[in-house]
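In what follows, chains carry the letters A, B, and so on, assigned in the order in which the sequence lines appear, proteins first and then strands, with residues in each chain numbered from 1. Just so it is clear, the values below take in all heavy atoms, side chains as well, and ignore hydrogens, waters and symmetry mates.
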Amino acid sequence: MGALKSIKGTRDVLPWESYQWQAVEKLCRELFGSYFYQEIRTPVFEKTELFARGIGEFSDIVSKEMYSFQDKGGEWLTLRPEYTASVIRSYIQHHFEQQSALHKIWYAGPLFRQERPQAGRQRQFHQFGIELIGSEFPEADAEVITLACEFYKKTGLKEWELHINSIGNIHDRQTYIEHLRKILKPHIESLCPLCQQRFDNNTLRLFDCKNSECQAVLDLHAPNILDFLSKEDKEHFEQVCDLLTYQGIPYVINPKLVRGLDYYTRTTFEIKGKTLGAQDALCGGGRYDNLVSELGGKPTPSVGFAAGIERLLIALENETISFGDYACPDLYVASMDLNSYSGFLKTWNELRSMGFIIETDLQRRSLKAMMRDAHKKNARFVAVIGSDELKSGTFILKQLDTGAEIKADPVSIKDILKKGSL
RNA sequence: GUGGACGUAGCUCAGUUGGCAGAGCGCUUGGUUGUGGCCCAAGUGGUCGUGGGUUCAAGUCCCAUCGUUCACCCCA
């Protein structure tokens with residue numbers, strides 16, 4: 001087809017689907033708002049340098065997945081591939097720390113990565129998430145994780161699992177990696193070709209390999225990262241776990257959980273959707289105590305998560321959970337002619353300003369066609385108006401689910417709509 | 001970037017060893033004056049992704065190309 005189409009890896013949220021997206025945003029406002037998080041909205045594009053510094057120049061995201069371009073002034077800009085860097089940039093730029101030592105922020109919006117699309121992955125995708133900036137304590141980690149879990153609970157989703165881990169501070173992590181290399185070196189031949197590559201430049205990613213032989217080697221020989229944590233980090237991790245246990249939040253300690261972004265320290269976590277395909281991370285996050293200072297701010301311990309909206313909607317669909325309310329007309333106005341249409345216009349507008357949804361026919365269709373249309377749109381009531389009704393100042397009001405009909409007028413209609421039935 | 005699968009009506013899909021392009025759903029209009037849902041009838045609908053090739057003849061066979069999709073890499 002030569003017709004214009006949306007770009008590969010992008011999708012329209014169609015008029016009859018958008019209610020779900022509105023419900024996601026509403027739940028963000030209500031749930032995060034109830035913990036006194038406030039929404040931030042940052043630009044969808046930033047200087048390329050921000051992401052290069054924030055995410056790590058050699059990460060996959062920065063090295064091959066960013067939508068970057070030069071503007072007319074020759075400056076390199078990038079469509080954001082990730083939220084945290086932008087939020088921290090704004091935090092530093094506007095001197096949030098001058099207002100208070102702690103900030104709790106949520107966001108929702110589109111992100112862009114030039115990858116090959118597949119199930120649960122698009123080039124423009126959407127995330128919501130939170131950043132808790134300014135606390136080093138396990139209460140902060142636990143609150144962030146709790147909020148992620150609460151969100152999924154409130155949607156009604158059942159088939160998911162929380163995995164948590166601690167990867168310690170950068171120093172201990174480095175010792176662990178060196179140790180891991182030393183121990184695995186004799187077994188490098190039995191790893192898959194890809195893992196042999198990963199062995200040198202991305203050792204921790206070995207744990208992500210889906211090859212069962214590689215996993216067997218790791219299970220047999222690899223030391224547990226948790227055994228390499230410093231006393232403080234270990235204690236921190238245990239306290240986070242305890243806080244989750246106190247709240248009755250089930251979790252799996254997964255020492256193999258290594259997240260892809262370079263900036264994580266200590267706590268990392270992921271919520272895996274059990275009904276999803278290869279891309280099964282509903283939500284991922286963790287602590288990033290060094291990012292603020294790396295981007296030029298004062299050292300500020302922080303923790304947050306990001307969750308994929310498309311993946312959430314897929315998971316809900318897989319469990320046949322309906323999420324959000326599809327709006328239907330409270331009243332469908334079926335007028336027989338132009339005079340009937342204009343006769344009660346003020347009444348309909350008044351009802352609309354009271355908050356009712358009033359649909360009218362604009363195609364001068366037959367009564368039969370209008371009744372069909374009202375039924376298709378799942379309207380609660382239909383008002384039928386012809387010349388007789390116009391003369392008497394009343395109209396016929398029909399309740400579609402029962403089929404009952406009465407005469408109504410501009411005054412009585414208000415109470416009937418409020419009551420919802422005849 | 002690599003590999004597999006698939007492109008026929010708005011949607012879901014049939015289409016035989018090459019021989020006039022189909023169904024269901026949807027949409028529109030009717031089934032006695034101004035009444036929906038069920039039912040019935042009619043109507044609407046397609047450059048068979050695109051471009052070449054083989055053939056008397058291609059939706060069907062061959063090549064190329066584009067698109068979609070799933071998986072890898074990686075991540076939400």
Side-chain angles (χ1 to χ4, degrees), chain A residues 1-3 5-11 14 24 55-56 58-66 80-84 107-129 148 192-195 197-198 202 205 208-211 257-262 270-273 276-285 304-315 332 334-337 340 363 365-390 395-405:
Chain A
M1 276 186 236
K5 292 178 63 178
S6 58
I7 291 167
K8 182 202 285 284
T10 69
R11 229 185 67 103
L14 299 169
V24 170
I55 304 169
F58 302 107
S59 66
D60 280 45
I61 291 180
V62 174
S63 62
K64 57 185 199 195
E65 293 170 3
M66 294 207 299
R80 65 178 173 215
E82 201 258 348
Y83 249 110
T84 305
Y107 58 78
L111 302 169
F112 307 85
R113 288 181 206 168
Q114 187 159 5
E115 300 176 271
R116 201 74 163 264
Q118 72 185 75
R121 174 192 287 158
Q122 292 173 250
R123 291 184 167 184
Q124 177 176 344
F125 61 105
H126 299 77
Q127 290 183 342
F128 63 86
C192 70
L194 209 78
C195 278
Q197 279 179 27
R198 281 194 271 228
N202 215 347
R205 297 243 128 247
D208 271 351
C209 185
K210 282 157 188 158
N211 184 316
L257 177 66
V258 226
R259 302 203 43 76
L261 303 175
D262 290 353
E270 191 167 308
I271 291 177
K272 292 178 189 289
L276 265 30
Q279 310 305 322
D280 67 346
L282 279 168
C283 159
F305 75 77
I309 297 181
E310 284 86 353
R311 288 185 191 177
L312 167 65
L313 296 179
I314 292 169
Y332 187 104
S335 310
M336 305 304 297
D337 50 50
S340 311
Q363 297 175 92
R365 306 211 286 174
S366 70
L367 182 58
K368 185 191 187 98
M370 290 190 286
M371 289 300 292
R372 277 186 178 155
D373 194 34
H375 180 259
K376 193 175 84 179
K377 290 170 175 162
N378 200 19
R380 185 87 186 131
F381 296 102
V382 178
V384 180
I385 304 158
S387 50
D388 294 350
E389 285 79 11
L390 198 57
F395 45 83
I396 292 179
L397 187 68
K398 181 165 186 167
Q399 184 174 330
L400 281 189
D401 57 352
T402 62
E405 266 186 27

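- Within 4.0 Å of A:Arg11, counting heavy atoms only, lies no atom of the nucleic acid at all.
- The closest side-chain heavy-atom distance from A:Pro117 to A:Lys8 is below 4.5 Å.
- Ionic pairing of A:Arg311 and A:Asp280 is not present here: no N-O contact between side-chain nitrogen and carboxylate oxygen is shorter than 4.0 angstrom.
- Separating the P atom of B:rA64 from that of B:rG46 is a span of 32 Å, rounded to the nearest Å.
- Comparing the same atom, P, in B:rU55 and in B:rC62 gives a spacing of 16 Å after rounding to whole Å.
- Taking CD1 of A:Ile385 as the start and CG of A:Leu397 as the end, the distance is 9.5 Å to the nearest 0.5 Å.
- With C1' as the reference atom, B:rU12 and B:rG34 are 38 Å apart, rounded to whole Å.
- Close to B:rU68, at under 4.0 Å from its OP1 or OP2, lies no side-chain N or O of A:Lys5.
- Between the C1' atom of B:rU2 and the CD atom of A:Gln118 lies a distance of 13 Å, rounded to the nearest Å.
- Checked against B:rG34, B:rA76, B:rU68, the side chain of A:Arg311 finds its nearest nucleotide in B:rA76.
- Atom CE of A:Met370 and atom P of B:rG36 are 12 Å apart (whole Å).
- In this structure, A:Ile396 reaches the bases: a heavy-atom distance under 4.0 Å links it to at least one base atom across the strands shown.
- Of the candidates B:rC73, B:rG36, B:rC72, B:rG36 carries the atom nearest the A:Leu400 side chain, counting heavy atoms from C-beta on.
- The shortest side-chain heavy-atom distance between A:Leu111 and A:Glu82 does not fall under the 4.5 Å cut-off.
- B:rA76 sits 36 Å from B:rU8 when the C1' atoms are compared, rounded to a whole Å.
- Atom C1' of B:rC13 sits at a distance of 25 Å from the matching atom of B:rA41, rounded to the whole Å.
- Here the CG atom belonging to A:Leu400 is positioned 10.0 Å from the CD atom belonging to A:Glu405, to the nearest 0.5 angstrom.
- Counting only heavy atoms from C-beta on, A:Val384 has its side chain closest to B:rG34 among B:rA76, B:rC70, B:rG34.
- Protein atom NZ of A:Lys368 is 12 Å distant from nucleotide atom C1' of B:rA41, rounded to whole Å.
- In this structure, A:Glu389 places its CD atom 12 Å from C1' of B:rU35, rounding to the nearest Å.
- Nearest-nucleotide assignment on RNA chain B puts the 5′-proximal partner with A:Met371, out of A:Arg123 and A:Met371.
- Residue A:Arg121 places none of its side-chain N or O atoms closer than 4.0 Å to OP1 or OP2 of B:rC70.
- Summarising the geometry of A:Arg365 relative to A:Met370, their closest heavy-atom pair is O-CE, 3.5 Å, with the distance given to 0.1 Å.
- For a distance-only test at 3.5 Å, the side chain of A:Arg372 fails to qualify as a donor-acceptor partner of the base of B:rC27.
- Counting any heavy atom pair closer than 4.0 Å across all strands shown, A:Gly129 reaches no nucleic acid atom.
- For A:Gln279 and B:rA71, the CD to P distance is 7 Å, given to the nearest whole Å.
- Proximity note for A:Glu115 (side chain, C-beta onward) versus B:rC70, B:rG30, B:rC74: the nearest is B:rC74.
- Nucleic acid contact for A:Ala281: sugar-phosphate only, since backbone atoms but no base atoms lie under 4.0 Å from a heavy atom of the residue.
- Both tests hold for A:Arg80 against A:Tyr83: distance to the six-membered ring centre under 6.0 Å, angle to the ring axis within 45°.
- As judged by a 4.0 angstrom heavy-atom cut-off over every strand, A:Asp373 is placed among residues making no nucleic acid contact.
- Under the side chain to side chain contact (heavy atoms under 4.5 Å, CB included) rule, A:Arg372 has a single partner from A:His375, A:Lys368, A:Lys376, which is A:Lys368.
- With the 3.5 Å cutoff on both pairing distances, Watson-Crick and G-U pairs in RNA chain B assemble into runs of at least 3 at B:1-7 with B:66-72, B:10-13 with B:22-25, B:26-31 with B:39-44, B:49-53 with B:61-65.
- Nucleotides of RNA chain B nearest to A:Ala278 and A:Ser6 differ in position, and the one nearer the 5' end is that of A:Ser6.
- Residue A:Ala369 has its side chain nearest to B:rU29 when only B:rC74, B:rC27, B:rU29 are considered.
- When the nucleotides B:rG34, B:rU35, B:rC73 are ranked by their closest atom to the side chain of A:Glu405, B:rU35 comes out on top.
- The C1' atoms of B:rU47 and B:rA9 are separated by 13 Å, rounded to the nearest whole Å.
- Using P as the reference atom, B:rA14 and B:rG31 are 38 Å apart when rounded to the nearest Å.
- Residues passing the salt bridge (charged side-chain N to carboxylate O under 4.0 Å, His left out) test with A:Glu310, sequence neighbours excluded: none.
- Counting non-hydrogen atoms under 4.0 angstrom, A:Lys398 reaches a base of the nucleic acid.
- Residue-level contact check: A:Gln122 touches the bases, meaning some heavy atom is under 4.0 Å from a base atom.
- Comparing B:rU35 with B:rA42, their P atoms sit 24 Å apart, to the nearest whole Å.
- In this structure, NE2 of A:His375 is placed 14 Å from P of B:rU28, rounded to the nearest angstrom.
- In this structure, CD of A:Gln399 is placed 17 Å from P of B:rG36, rounded to the nearest angstrom.
- The 12-atom threshold is not exceeded at CD1 of A:Ile7, counting heavy atoms of other residues, nucleotides or ligands nearer than 6.0 Å.
- For B:rG22, the O4'-C1' to base torsion is more than 90° from 0; the nucleotide is therefore anti.
- The base of B:rC74 does not come close enough to the side chain of A:Arg113 for any donor and acceptor atom to sit less than 3.5 Å apart.
- Counting to the nearest Å, the C1' atom of B:rU69 and the CD1 atom of A:Ile314 are 13 Å from each other.
- Proximity of A:Lys8 to the phosphate of B:rU68: a side-chain N or O atom is located under 4.0 Å from OP1 or OP2.
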